[in-house]
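To keep things clear, I will list the structure first and then write my remarks on it.
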Amino acid sequence: MRLIVCIKQVPEVAEIKFNPETNTIVREGVPNSVNPFDRRALAEAIRLRDVCGGEVVVFTMGPPQARDALVECLGAGADRAIHLVDKAFAGSDTLATARALALALRREHYDIIFCGKYSVDAETGQVGPELAEMLDLPQVTGATRLELSEDHKHLTIERETDDGFETIECDLPVLLTAAERLIRPIKVKEPQLEAGRAKPIVEVTAAELSADTSIFGFSGSPTWVQEIRSIARTRQVEMIEGANAEEKAAKLIEWLEARGALSDRTDGREIEPAPNATLESSSGGEVWAVAELLDGKLRRVSFELLGKGIELARMLNARLAAFVAGADVTTHAKTLAAHGADRIYLAEDELLTRYTTAAYTSLLAGAINSYSPAVVLLPSTANGRDLAPRVAARLGVGLTADCIDLDVNEHGALVQHKPAFGGNIIALIYSRTLPQIATVKPGMLRAAAPNRSRTAEVIDVAMPKLLDRRARLIEVRKEVPLEVAELDESERIVCVGTGIGGPENLVAIEALARALGAQIGATRRVVDQGWLPRHQQIGLTGRVVSPALYVGIGVRGALNHTIGIQQAGTIVAINIDANAEIFHTADFGIVGDWAEIVPALIAQLRLHEHKP
């Protein structure tokens, strides 16, 4: 069995600096290492090889120094490595990267190709699905468990979703992306590195892959970064003092009330109601918002996409359309129209009851080819991140993932605002191809208040004939209710760290969450110890959230966690340790025993509710 692992060398995010004068990232002196998710992919490939036999081959595309990452992988136990190294590869976006890797991989036999779920520098998870499309392989993203059949022809994979897990049976060959909890990474020490240096690394140039090297690098990339901006927020923590817990709680509530953090966002959760429908011909084509369902209900991010779509359609002189697919979606047409859609592309079929990559890719890519929208927006959810890159690769167009805002420049081009390097910078990304496709983080945009008088034209989209049964959904296991699944869209979040002592103390935290009208989040350590489900984890390897109010109880404040709360409106930290790192990220801080502060806060919130 041949197992391929595609890895990327990434800089240490915590060490990255931004030069505001030159608008550039300062990489000098910043150490590099193998992307954390790729380490897990490698460890799983080595585990399977050790059980089944065969070899593990590591691929990377990068500058000469990326050889160090390959040496580390060989030291961990990989058998050989391929290094795509050439100046012609410089400036590659994800599609150009996937193209180069696909051409290189066509020279190899393989049974399983592993990628990491995403890279922690650019924070993209696009190369895996794009590579799968180019190689015509089934894909499973966010894999948390694998089991190989006795005949080594099939793989049973557990995949994480926003509300639980799916079990998928898949024929080989297949491409998988590794989630954090698939396996522990292998630690490599100097003796193993020395052994790794003795193993073969083959260098491959662009000319060896194609006579036309313009298909690689910047010239072969449909997207490019026009500008980089620093968005590092400098929060000056206001430490709340008081003689006792009651005084501290009262002062904090007073400050939060003055700041507007106890009510809806000060900028309004909704924009003005959607204008009445206008179905006249529009010279700017159409802006599509791809709606997503969860438990048969439209997710709030669907309305957020439509809210931004109203603005974009106006600037582009375009029509706003919604695209929705499922087993019983006709009932959602009126709601989508009320939130701004002038036209609704509706695909209704029992085969669409639950999301599958093959069915939804064929459906959406086919509809885009038929109706030629100018812009397509998808939610940056587990399924949206799985679907969008596959569709983009099938169409051969650019994609920008995890945008936090969208705009149109003076030339009518879509400006896609994408955070990177732990949310410390924003890259303004443009696309040379149509349609311009982007996924958008939930909770970052505002929906339009519904206008129930609106109507929309409904166009039925035929379900394509599905012949691809290489990946089969065999079980769905829901782990969390709808409100937890949409944690990244919550207005208010109370997050717990191991500083609360143990899971028995969650009852008090839940009472505070109820008083605030908040959802509960968790740090990685809390989740790892089983106190709360993985779906409630916030941070680099969990959810990235943007609530109006975040309250951290007993949270240490490690970088991997605080990266996930950078976009919160107001951050409150409560910790008994005055030196806890979380205070460097907070707007308000209380040093004290959470067991005393939390009941006092609940009492103050009840008084706040009864104020005239």
Side-chain angles (χ1 to χ4, degrees), residues 1-10 32-86 89 97-98 100-117 119 127-128 131-132 135 137 140 143 146-155 157 170 172-178 182-205 208-209:
M1 175 169 284
R2 183 167 293 162
L3 305 149
I4 306 291
V5 185
C6 297
I7 65 108
K8 182 181 182 183
Q9 187 184 57
V10 297
N32 295 303
S33 61
V34 178
N35 181 52
F37 289 97
D38 300 348
R39 291 174 185 268
R40 287 164 168 79
L42 176 66
E44 183 65 9
I46 291 171
R47 182 190 72 82
L48 284 175
R49 182 208 57 197
D50 292 347
V51 171
C52 307
E55 69 170 343
V56 173
V57 187
V58 183
F59 277 67
T60 196
M61 188 180 88
Q65 60 265 32
R67 185 182 182 91
D68 294 339
L70 294 176
V71 169
E72 180 182 337
C73 294
L74 293 169
D79 299 289
R80 58 187 175 92
I82 310 291
H83 187 184
L84 279 60
V85 55
D86 195 312
F89 296 132
T97 300
L101 288 169
L103 289 169
L105 280 161
R106 287 194 184 110
R107 306 175 356 157
E108 295 269 352
H109 165 76
Y110 45 79
D111 297 287
I112 303 174
I113 298 175
F114 288 91
C115 298
K117 186 178 178 181
S119 63
V127 170
L131 182 57
L135 294 173
L137 295 176
V140 181
L146 308 180
E147 184 178 335
L148 191 64
S149 64
E150 290 185 5
D151 61 6
H152 294 182
K153 292 182 179 179
H154 309 283
L155 200 61
I157 308 142
C170 195
L172 299 185
V174 62
L175 184 143
L176 308 175
T177 72
L182 175 61
I183 192 172
R184 288 184 179 274
I186 298 169
K187 293 183 178 180
V188 181
K189 297 181 180 179
E190 184 55 40
Q192 286 97 355
L193 286 176
E194 192 59 37
R197 294 185 187 100
K199 294 182 180 180
I201 299 177
V202 175
E203 295 186 351
V204 177
T205 65
E208 291 177 78
L209 299 179

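Everything numeric here is computed off the predicted structure, so don't read it as measured data.
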Legend entry - CA sep, side-chain torsions, deciding dist, call: Val51, Leu148, side-chain contact (heavy atoms from CB on, under 4.5 Å): CA-CA 10 Å; Val51 171; Leu148 191 64; over 6 Å; no
Look up atom [atom1] in [X] and atom [atom2] in [Y], then write down how far apart they are to the nearest 0.5 Å.
| X | Y | atom1 | atom2 | result |
| --- | --- | --- | --- | --- |
| Ile112 | Met1 | CD1 | CE | 5.0 Å |
| Asp111 | Cys52 | CG | SG | 9.5 Å |
| Phe89 | Thr205 | CZ | OG1 | 7.0 Å |
| Phe59 | Ile4 | CZ | CD1 | 5.0 Å |

Inset, instruction - Could you walk me through whether Leu84 and Leu209 pass side-chain contact (heavy atoms from CB on, under 4.5 Å), step by step? - result: CA-CA 10 Å; Leu84 279 60; Leu209 299 179; 3.9 Å; yes
Any side-chain to backbone donor/acceptor pair from [X] onto [Y]? Under 3.5 Å, distance only.
| X | Y | value |
| --- | --- | --- |
| Asn35 | Lys8 | no |
| Thr60 | Ile7 | yes |
| Asp79 | Val57 | no |

Taking distance alone, no hydrogens or angles, what donor-acceptor pairs closer than 3.5 Å link side-chain atoms of residues 190-199 to residues at least two apart or in another chain?
unit_1	atom_1	unit_2	atom_2	d
Glu190	OE2	Arg197	NH1	3.2
Gln192	OE1	Lys189	N	2.9
Glu194	OE1	Arg197	NH1	3.0
Lys199	NZ	Leu74	O	3.1
Lys199	NZ	Ala78	O	2.9

Please report the shortest heavy-atom distance between [X] and [Y], naming the atom on each side.
| X | Y | value |
| --- | --- | --- |
| Ile157 | Cys170 | CD1-CB, 3.9 Å |
| Ala102 | Leu135 | O-CD2, 3.7 Å |
| Leu105 | Tyr110 | O-CE2, 3.5 Å |
| Asp38 | Cys115 | OD1-C, 4.2 Å |
| His152 | Leu172 | O-CD1, 3.2 Å |
| His83 | Pro64 | CE1-O, 3.8 Å |

Legend entry - Side-chain heavy-atom pair Lys117, Arg40 within 4.5 angstrom cut-off: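 SC-SC contact between Lys117 and Arg40 ruled out.
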Legend entry - Side chain to side chain, Val5 and Cys73, heavy atoms closer than 4.5 Å: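 Counting from C-beta outward, Val5 and Cys73 never come under 4.5 Å.
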Inset, instruction - Output all residues satisfying salt bridge (Lys or Arg N to Asp or Glu O under 4.0 Å) with Arg80, sequence neighbours left out; order by chain, then residue number. - result: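 Checked Arg80 against salt bridge (Lys or Arg N to Asp or Glu O under 4.0 Å); matches are Glu55, Glu108.
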Legend entry - Residues that Arg47 engages under salt bridge (Lys or Arg N to Asp or Glu O under 4.0 Å), provided they are two or more places apart: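 Partners of Arg47 by the salt bridge (Lys or Arg N to Asp or Glu O under 4.0 Å) criterion, ordered by chain and then number, come out as Glu44.
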Legend entry - Enclosure of Arg106 CZ (heavy-atom neighbours >12, cutoff 6.0 Å):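 Yes, enclosed.
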Inset, instruction - Could you check Leu155 against Leu176 for side-chain contact (heavy atoms from CB on, under 4.5 Å), going step by step and ending with a plain yes or no? - result: CA-CA 11 Å; Leu155 200 61; Leu176 308 175; 3.6 Å; yes
Inset, instruction - Let me see the working for Glu72 and Arg39 under side-chain contact (heavy atoms from CB on, under 4.5 Å), right down to the final yes or no. - result: CA-CA 10 Å; Glu72 180 182 337; Arg39 291 174 185 268; 2.4 Å; yes
